[in-house]
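In what follows, every heavy atom counts, from backbone to side chain, and hydrogens, waters and symmetry copies are set aside.
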Amino acid sequence: MSVGETPAPWGADHLRTRFVKALSDMYRAEVPLYDKLVDIVQAVDDSVLAAQGHSVADLPVRHRLERHGAIRLGTAEEMRMIGRLFGIMGMYPAGYYDLQIVGFPLHGTAFRPTSEESLGKNPFRVFTTVLRAHLISSDLVRKTASGILSTRTLFSPRLRNLMDRAEADRDSMTAEEADELIAEALKIFKWHSRSTVPLKTYLSLKNEHPMVADIVCFPSAHINHLTPRTLDIDAVQLEMIRRGLPAKECIEGPPSGRKCEILLRQTSFKALEEQVVFADDSGNLDGGEGCTVKGTHTARFGEVEQRGAAVTRKGRNLYDRLLASAVAIRNQNPETCNFDDVLAKAFSAYPDDWTTLRREGLVFFRYKVAPGASSASVTDDLLLSARSVSMEDLLERGLVQCEPITYEDFLPFSAAGIFTSNLGGSGGSSPTRGTPEAEEPLDGRRELEGLLGSAIPSEIDLYHDLQSASVGECEKVLGLEQIVLAH
């Protein structure tokens, strides 16, 4: 694209950004507390930047635009279709998450951009799960849920038509069709304060599992949170409490106070009960006041996150071991233990300076040749053999610069913990703070990959590829056959 050229309205990055803005506007209107949360985040970030002598203009373009969302789908067909829709927006499966580990009959993936360029423009990500009906213990509930979902249409005929056109010939799409694609796609994520089933059916499904009721009993796959990113989640948590928002008791993820943030920390305000109109026993919603039943449903909430560096497999294994040790101590004295203090003490064993994190291979880094450096800068004393050079030597001599790669994904137990607390479960001892990640069940991954018709790459492999690509670019610019990392 030439300088000054307007991006095509159907281009994946541009379409994704337009969709995120439209989705945020819709959710802001539906959930007033989300509007307050965004205001808190922006005020905290402005304060942090001012203390550093910076302004919002100094942040990467992606920061204030950045959002992550979450939806729950009911059928394999819905999951296949959402995969196609997200693909049109440049979002692809990254990582497999099995929520069965924490008692949810769901599994899923994160749809997000994967290329360096697209992540830099807008890293919108959606944690997307689908119901695994065969894991529902009750035969009656399983048959009821499957029967209800078989009649639901999330994707309108017009949306399907627009998706077909976008996949077959993007160049022929018009700006009007791109607008219509966004408008039709928003309907999938919209909240409806009415259920498609009688209250009795809703309660029977909720009794089996609140998530089953949330997925099955409504006409849309309403987005249950839309998460902004902050520079200081501890300050956001305190401000939420000060303003009277029903904040969670604890922040999920690594402990506070680290100089080098890793992975993801997140918190939320708890979901509020929302008024819902249920069908009468005949399934009628249009028979007047006397033919409907009023009730409530709890699912949607407001979440905020602070993102750190992407860790390697070695780094994640260390994270899990330290978390497990902290949990073991807490479980010995659950009533008197201050888990934040225990967690901080346990994580003192996790290096907290970027040089050590890099040299020990705990965090992924992006490398780039320093301004003015070239192949002529590589002297004979730098060479290990032939054209092979140590990355540490290049860094020490200022020929290469590096920065940690941002973690773009989710902590499955963090997500599960917040979902649990917002569906009437425990808020203070969520799975993130209770159990290290279990060994991934291959059958579930294969099931979801077969459903989507594509492999689901590990998020760690994606970060490895980004790091390797940056090293490769350094090799090319500096005219080297190989740059050797320290680990």
Side-chain angles (χ1 to χ4, degrees), residues 1-9 11-28 34-69 89-91 112-113 115-125 226-240 242-243 256 258-267 302-310 354 363-372 398 400-408 466 470 473:
M1 183 184 302
S2 61
V3 176
E5 183 180 349
T6 301
D13 292 334
H14 188 60
L15 193 64
R16 182 174 67 257
T17 295
R18 294 178 61 203
F19 180 75
V20 172
K21 291 179 177 178
L23 184 63
S24 185
D25 288 343
M26 183 181 78
Y27 198 65
R28 189 186 300 266
Y34 167 73
D35 197 13
K36 292 184 179 180
L37 182 60
V38 171
D39 287 344
I40 289 172
V41 167
Q42 292 184 355
V44 166
D45 285 0
D46 287 343
S47 178
V48 170
L49 290 167
Q52 298 171 346
H54 299 299
S55 71
V56 68
D58 298 312
L59 289 175
V61 172
R62 60 176 271 178
H63 184 85
R64 284 208 163 163
L65 176 65
E66 189 165 342
R67 294 290 185 273
H68 95 237
M89 298 182 191
M91 301 161 64
R112 65 167 178 85
S115 73
E116 188 81 45
E117 181 181 8
S118 291
L119 286 168
K121 291 179 178 178
N122 178 4
F124 180 49
R125 56 190 79 84
L226 195 61
T227 305
R229 178 179 174 182
T230 184
L231 298 173
D232 188 342
I233 197 168
D234 295 286
V236 169
Q237 175 88 339
L238 291 174
E239 185 64 13
M240 286 169 62
R242 190 187 73 81
R243 295 197 191 187
S256 63
R258 287 184 58 84
K259 296 188 294 291
C260 302
E261 296 285 352
I262 57 170
L263 294 171
L264 174 70
R265 300 182 69 218
Q266 59 188 39
T267 188
E303 187 179 80
V304 62
E305 65 189 14
Q306 181 174 349
R307 291 193 169 268
W354 293 123
V363 165
F364 287 111
F365 282 80
R366 180 181 294 104
Y367 299 91
K368 62 179 180 180
V369 174
V400 171
Q401 300 170 341
C402 69
E403 62 180 3
I405 294 176
T406 299
Y407 184 68
E408 306 286 356
L466 289 176
S470 73
E473 182 63 21

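Side chain of D25 to main chain of A22: no donor-acceptor pair is present (N/O by atom type, distance under 3.5 Å, no hydrogens or angles). Within the 3.5 Å criterion, the main-chain N or O of V38 finds no donor-acceptor partner in the side chain of R28. A donor-acceptor pair under 3.5 Å is absent between the side-chain atoms of R265 and the main chain of D234, judged by distance alone. Between the side chain of D45 and the backbone N or O of L231 there is at least one donor-acceptor pair closer than 3.5 Å.
For the atom pair T406 OG1 and L263 CG, the distance stands at 12.0 Å (nearest 0.5 Å). With rounding to the nearest 0.5 angstrom, the CG atom of L119 is 9.0 Å from the CD atom of E66. Atom CG in L59 sits 9.0 Å away from atom NE2 in H54 (nearest 0.5 Å). In this structure, OH in Y34 is found 10.5 Å from CE in M26, a value given to the nearest 0.5 Å. A distance of 10.5 Å separates CG of D39 from CD of E239, quoted to the nearest 0.5 Å.
Using a 4.5 Å cut-off on side-chain heavy atoms (C-beta onward), M91 and P113 make contact. Side chains of H63 and R229 form a contact here, defined as non-hydrogen atoms less than 4.5 Å apart. Side-chain contact between K21 and L65 is present, with at least one heavy-atom pair separated by less than 4.5 Å. No side-chain heavy atom of E261 sits less than 4.5 Å from a side-chain heavy atom of I233. The shortest distance between side-chain heavy atoms of Q306 and V236 does not fall below 4.5 Å. No side-chain heavy atom of L466 sits less than 4.5 Å from a side-chain heavy atom of F364. Under the 4.5 Å side-chain criterion, counting only non-hydrogen atoms from C-beta, M240 is not in contact with V44. Between L37 and E303 there is no side-chain heavy-atom pair separated by less than 4.5 Å.
For Q237 and T267, the side-chain atoms include at least one donor-acceptor pair closer than 3.5 Å.
Minimum heavy-atom separation, Q401 to P371: NE2-CD, 3.7 Å. R366 and P404 make their closest contact through NH1-O, 4.2 Å (heavy atoms, listed as atom of the first residue, atom of the second, distance). Across all non-hydrogen atoms, the minimal contact from G69 to L226 is CA-CD1, 4.1 Å. Closest non-hydrogen pair, R62 versus G120, comes out as CB-O, 3.7 Å. Nearest approach of L15 to M89, heavy atoms of both residues: CD2-CG, 4.4 Å.
Taking a cutoff of 4.0 Å between a charged side-chain nitrogen and a carboxylate oxygen, E305 and R125 qualify as a salt bridge. A salt bridge is absent between E408 and R307; no separation between the charged side-chain nitrogens and carboxylate oxygens falls under 4.0 Å.
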- Message: Determine whether S118 and R16 satisfy the following criterion, side chain to side chain contact (heavy atoms under 4.5 Å, CB included), listing intermediate values before the conclusion.
- Response: CA-CA 10 Å; S118 291; R16 182 174 67 257; 3.7 Å; yes

- Item | Intermediate values then yes/no, side chain to side chain contact (heavy atoms under 4.5 Å, CB included), T227 and Q266 | CA-CA 9 Å; T227 305; Q266 59 188 39; 6.0 Å; no

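Checked options T17, D13, L23; the residue passing with F124 is L23 (criterion: side chain to side chain contact (heavy atoms under 4.5 Å, CB included)).
Classification of the F365-W354 ring pair by plane angle, with boundaries at 30° and 60°, yields perpendicular.
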